[in-house]
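Note on naming: letters A, B, ... go to the chains in the order of the sequence lines (proteins, then strands), and numbering restarts at 1 for each one.
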Amino acid sequence: MTSKFPRKLELLSKIEKVEEAAYFAEKAAKDMNFSDSDVDDIAIALTEAVSNAMIHGNKNDVTKKVIIEIMEKPDRMIMNVLDEGVGFDPHNIDDPLLPENLLRESGRGVFILKSLMDRIDYSFEKNRTMIILEKMKRKK
Amino acid sequence: MTIKEEIRENVAVLYLRGNMMGGPESMEVHEKVKSLIGDKITKVVIDLSKVKWMNSSGLGAIMACMTSLTGADGVLKISGATEKIQNLFMITKLLTIFDTYETADRAVASFKE
């Protein structure tokens, strides 16, 4: 039902708000009739993007917002996550699967994000970074 | 997230319920493990059967528990992970690090083997 979208959620950069993003994505994915497994993937992936935006983009500044937009296309879901940061180099991320990184407590977010979604892209502007997540619709 | 603790034959089982996604509650499990180490209990099972969603922050909390236990010559085992969480452990290669069991009972029993 394309009339239900786009949807938008604004969160202050408080890490406890990440769960709110997960339920927002879950509801949207269910409304788009994704399978239960894909709904979970979408919810978890959005938490990774939102956490990244809060911690690395907005540097945990609770006055800065993360904005989530969810759109429906005939063949896929698109989620945009915007922060107020200056961006980062997505190619300059340590491989969490290397033996020397395996025991680390952090550094797996972008890897998990890529594993769970079909496509991710970035857009960098002055004081604004957007990550774009896409999940294709599949027949159940 | 809530944590229920049970001690069985000097093995602590921590039953987690809720989501592990980086909120302060995710770190509570690490605080609980550090407290167990302080009480000389270093064999720990974390049961995830009632955890719906876990992301990289949740994995980080589990890794922090493991690091603390390893430093105290202890052992951490995982039980009850849902298929989705099991998949998360697999794609991040953490299945090569943790012993995982279907149930907490089996995980506790494995300490006797």
Side-chain angles (χ1 to χ4, degrees), chain A residues 11 13-27 29 34-56 60 62 66 81 93-117 133, chain B residues 1-2 16-31 33-34 46 48-72 74-76 78 81-100:
Chain A
L11 298 172
S13 296
K14 297 178 179 176
I15 204 69
E16 59 268 27
K17 292 281 185 186
V18 165
E19 201 165 358
E20 208 173 307
Y23 287 112
F24 179 64
E26 179 188 43
K27 175 81 170 63
F34 277 94
S35 68
D36 290 346
S37 176
D38 280 350
V39 168
D40 287 339
D41 286 351
I42 288 163
I44 294 166
L46 185 62
T47 70
E48 298 292 2
V50 170
S51 299
N52 201 55
M54 288 179 176
I55 297 167
H56 303 293
N60 291 311
V62 296
V66 173
V81 179
I93 295 172
D94 291 339
D95 181 352
L97 303 186
L98 290 176
E100 61 267 32
N101 296 332
L102 218 49
L103 297 179
R104 285 172 54 172
E105 292 174 23
S106 59
R108 298 181 180 86
V110 172
F111 174 80
I112 290 173
L113 194 51
K114 287 179 179 171
S115 302
L116 299 181
M117 299 303 285
L133 315 175
Chain B
M1 191 187 76
T2 60
L16 311 189
R17 177 185 286 268
N19 297 315
M20 288 189 76
M21 299 196 296
E25 73 281 356
S26 278
M27 294 321 292
E28 281 176 26
V29 65
H30 187 209
E31 292 304 316
V33 164
K34 286 196 283 188
I46 292 182
L48 300 173
S49 56
K50 301 291 183 194
V51 174
K52 182 181 181 186
W53 287 323
M54 179 186 285
N55 67 5
S56 62
S57 301
L59 283 178
I62 300 279
M63 293 308 296
C65 294
M66 201 204 67
T67 302
S68 295
L69 279 165
T70 305
V75 177
L76 173 64
I78 302 292
T82 61
E83 193 180 330
K84 190 58 67 178
I85 292 175
Q86 191 87 358
N87 184 53
L88 203 61
F89 277 101
M90 190 179 71
I91 61 173
T92 53
K93 286 194 175 174
L94 295 182
L95 270 187
T96 61
I97 290 174
F98 292 107
D99 288 335
T100 61

If one checks every heavy atom of I91(B) against chain A at 4.5 Å, the contacting part turns out to be both
Find the distance between SG (C65(B)) and NZ (K34(B)) and round it off to the nearest 0.5 Å. 9.5 Å
Exam field: side chain K84(B) to backbone W53(B), donor-acceptor pair closer than 3.5 Å: no
Measure distances from L88(B) to the heavy atoms of chain A and classify the residue's part below 4.5 Å as side chain, backbone, both or neither. side chain
Using a cut-off of under 4.5 Å on heavy-atom pairs, state which of V18(A), L113(A), T47(A) scores highest against chain B. T47(A)
Acceptor/donor pairs from residues 94-101 of chain A side chains to any protein atom, 3.5 angstrom cut, sequence neighbours excluded:
residue: D94(A); atom: OD2; partner: R104(A); partner atom: NH1; Å: 3.1
residue: D95(A); atom: OD1; partner: L97(A); partner atom: N; Å: 2.8
residue: N101(A); atom: ND2; partner: D95(A); partner atom: O; Å: 2.7

Any ion pair linking E20(A) and K14(A) (charged N to carboxylate O, less than 4.0 Å)? no
Which one, L94(B), T70(B), T96(B), leads in non-hydrogen pairs under 4.5 Å with chain A? L94(B)
Examine whether an atom of M66(B) lies under 4.5 Å from a heavy atom of chain A, and if so say whether it belongs to the side chain, the backbone or both; otherwise answer neither. side chain
Applying side-chain hydrogen bond (donor to acceptor under 3.5 Å, both in side chains), can you list everything that pairs with K93(B), at least two apart in sequence or on another chain? none
Non-hydrogen atoms of chain B under 4.5 Å away: do they reach the side chain of A22(A), the backbone, both or neither? both
